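Data first, discussion second: the structure below is written as structure tokens.
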Amino acid sequence: MPTTEDSGSTGTGALLRLRELLDLLDRGAPAEAFQDGEPSASDAASAAEAAVIADATRTALRIRRTLSQHRRREAELAALFDTAGDLARLREPDAVLAAIVHRAKLLLGTDVTYLSLNDEAAGDTYMRVTDGSVSAAFQRVRLGMGEGLGGLVAETARPYSTGDYHEDRRFRHTTTIDSAVTEEGLRAILGVPLRLGTRVIGVLYAADRTARTFTPDEVALLSSLADHAAIAIDGARLLDETRTALVDLNAASRTIEAHSEAMRRAEDAHDRLTDLVLRGGDVTDVATAIGAVLQGGTLVHDAEGAELARAGTGPRPPSAQAVAASRAGGRAVFADGTWVCAVLAGHELLGSIALTGRADLDDADRRLFERASLVTALLLLLRRSVAETEDRIRGELLGDLLTRAADPAGLSARARRLGVDLGRPHAVFVLHTGSVPRPRLLAAAARVAQARKGLAGPHHEDVVLVCPADAPGPGPAAASLASELSQALAGPVTVGAAGPVTGPAEFTHAYAEARRCRTALRALGREGTGAALHDLGFLGVLLGDQTDLGGYVRQTLGPVLAYDAKRGTDLTHTLRAYFDEGASRTRAAEALHVHVNTVVQRLDRIGSLLGRDWQRPERALELQLALRIHRVNRHDGPGQGGFAP
């Protein structure tokens, strides 16, 4: 600036330049504007005036830089105050972090800002908030401790910056991180740690897609914003802890109230269970009573897993592991959303009782549930004693029926006392399984017999079931029974059937026939199925005591024979020619003296009558045997050694 001595020599040009410089400072003009208006030495009135103008321009530029720094500092302080205000107003930490990241982007003027948090369990750091990012891969990237610039910041707790990320070898590059940075197009990156005391919980970043150098002021500003972010995260943690403490306090109050209610329920349950035992209640009564008191669904199983009683909706069978855990510990256990208690008599497992709908079962209710298992054990022991006596009586009756060890009248009278009416037609079923223990098969057969008012028990090496014979006959009934038992026992059960029989004298013969059928099914590889001898085709005819060839022909060829009789056609002859000519349609047409299309049409009709599988090897063999028997019958005729099919 000019001195007092020089003021008199200062020309009009210098004064105009000074006024212009002050105007530029007032308007906050860019630095280039200060240089544009500076006159050259030739334009100046004198060398002294030129020196004054140059000195004034330099001073104005210094003042401009100072003012710019003050303005930037004011903006930074305002941003920090605004961030502090966000911390006071916002309740969601994600909203606060998003505001901090966005504000960092505006203040530093970078293309992208983002924030990552450390995952202590995984031992790495993951992206939490981004602003300005366009790459999905970048927004999902995870950095291991010490990997990349951010991993280095998280590991060392110090700020790091790079002017060109891919060219900087101060930190460890990885394919995953480099690919994400490349996809986002970043070059210059600044990262500062988020600290809580001495612990680093994450990193705050500012990044540009062009190379640049970050100033110390920018590092300090981003560090201040990172401190605010750490405070927001820690505040959210403290808020969660406070909420948890309030919940715990309320829970304690509810626990006191629940304890009082549990004492009342325990007294009520004790009275109910005592009254139940004294008046001869059963397991279903126990399940209903304990479900009502504990306000849940109950389910009782025996030691084999069969359901004995159910009350309410929702209970599922307990797992074997849960029952074993309860048996080992002697207490009720909680598994898969269900309370399970083993029903024990000493060390013997009698079954289990399950309770659902009460995930918060307290100690008082848990003891009440365990007391119900004791009452259930007493009732199951009584039930087993009664069942063993009844099973012995039923087994003796079944054995006498199958061996004719008593007079028919006496057998009928004994059966009536057990609720079995031998005057009705009955079917005899012989059961076999190779993968299920015999006691389980006997128990399952006994349940079926009880449900159907029949008899079941062991006879020699077999498990035999006698039930009233209902339509459509013993064969379909055996198939249905095999499916039912196989599913219930989780193993194949083969069932041979015979009947129906009426009167005690016929059971021995029916048992022998059902046993042969069971043996034939196993020999044919049809384990897990059920049938009667007549369902086995010609093999059943051979195994039967009474040869019913006409019945075999009707069963095998019936639909075709009926069609011929009704329509006056001869599909039977066409079928015989087809098989005689080696299943060749062309040769069959020649033998029948018809066009091959006629044979095709007739065979299609035969297929619609016999079913799609009529040409399978097993079925074709049965059809050919039936055709030969039918031919012999037509030649001999009834009364001449033949028979009517």
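On a predicted model such as this, the values are computed, not experimentally measured, just so you know. The basis for the numbers below is simple: all heavy atoms, side chains too, and nothing from hydrogens, waters or symmetry mates.
Closest approach of Met145 to Gly123, counting heavy atoms only: CG-O, 3.6 Å. Pairing each heavy atom of Trp339 with each of Ala332, the nearest pair is CZ3-O, 3.9 Å. In terms of heavy atoms, Thr113 sits closest to Ala104 at CG2-C, 3.9 Å. Here the shortest heavy-atom pairing between Val200 and Asn118 reads O-ND2, 3.0 Å. Of all the heavy atoms in Gly191 and Val153, the pair that sits closest is O-CG2, 3.7 Å. Between Ser133 and Phe138, the shortest heavy-atom contact is OG-CD2, 3.6 Å.
Considering Asp131, Val101, Thr130 as possible partners of Leu115, the one that fulfils the side-chain contact (heavy atoms from CB on, under 4.5 Å) test is Val101.
Distance alone, capped at 3.5 Å, is enough to place a donor-acceptor pair between the Arg209 side chain and the Glu184 backbone. Within the 3.5 Å criterion, the main-chain N or O of Thr338 finds no donor-acceptor partner in the side chain of Asp336. Judged purely by atom type and a 3.5 angstrom limit, Arg172 has no side-chain atom pairing as donor or acceptor with the backbone of Arg169. A distance-only check finds a donor-acceptor pair linking the side chain of Ser486 to the backbone of Val493 [under 3.5 Å]. Of the possible donor and acceptor atoms, one in the side chain of Thr376 sits under 3.5 Å from a partner among the backbone N and O of Ala372. The main-chain N or O of Arg331 is never found under 3.5 Å from a side-chain atom of Glu370 such that the two would form a donor-acceptor pair.
Under the side-chain hydrogen bond (donor to acceptor under 3.5 Å, both in side chains) criterion, Glu120 pairs with Arg199, sequence neighbours left out. Annotation: side-chain hydrogen bond (donor to acceptor under 3.5 Å, both in side chains) contacts of Glu241 (sequence neighbours excluded): Arg237. Tyr160 is linked by a side-chain hydrogen bond (donor to acceptor under 3.5 Å, both in side chains) to nothing, counting only residues two or more places apart in sequence or in another chain. Partners of Asp119 by salt bridge (Lys or Arg N to Asp or Glu O under 4.0 Å), not counting sequence neighbours, listed by chain and number: Arg142. Here Glu307 pairs with Leu299, His301, Arg310 under the side-chain contact (heavy atoms from CB on, under 4.5 Å) rule; sequence neighbours left out.
Atom NE2 of His166 sits about 7.5 Å away from atom CD1 of Ile189, to the nearest 0.5 Å. The distance from the OG atom of Ser135 to the CD atom of Gln139 is 6.5 Å, given to the nearest 0.5 Å. Distance check, rounded to the nearest 0.5 Å: CD1 of Ile100 to NE2 of His102 gives 13.0 Å. Rounding to the nearest 0.5 Å places CZ of Arg195 at 7.0 Å from OG of Ser223. Note that CG of Leu349 is 5.0 Å distant from CZ of Arg327, once rounded to the nearest 0.5 Å. Note: Leu149 CG to Leu186 CG = 11.0 Å, rounded to the nearest 0.5 Å.
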Checklist entry - Can you check side chain to side chain contact (heavy atoms under 4.5 Å, CB included) on Val141 and Thr176, steps first, answer last? => result CA-CA 8 Å; Val141 71; Thr176 302; 4.1 Å; yes
Item to check | Stepwise side chain to side chain contact (heavy atoms under 4.5 Å, CB included) check, Leu108 with Leu190 | outcome: CA-CA 11 Å; Leu108 272 70; Leu190 167 63; 4.3 Å; yes
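Ring-plane geometry between Tyr205 and Tyr114 is classed as parallel, the angle between the planes falling under 30 degrees on a 0 to 90 degree scale with a further cut at 60.
A cation-pi arrangement is found for Arg212 relative to Phe214, the charged atom lying closer than 6.0 Å to the ring centre and inside a 45° cone about the ring normal.
By the 4.5 Å heavy-atom criterion applied to side chains, Thr288 and Thr284 are counted as neighbours.
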Side-chain donor-acceptor pairs under 3.5 Å in residues 340-348, sequence neighbours left out?
from: Glu348; atom 1: OE1; to: Arg384; atom 2: NH2; distance (Å): 3.4
from: Glu348; atom 1: OE2; to: Arg384; atom 2: NH1; distance (Å): 2.5

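Around CZ of Arg612, the count of heavy atoms belonging to other residues, nucleotides or ligands within 6.0 Å does not exceed 12.
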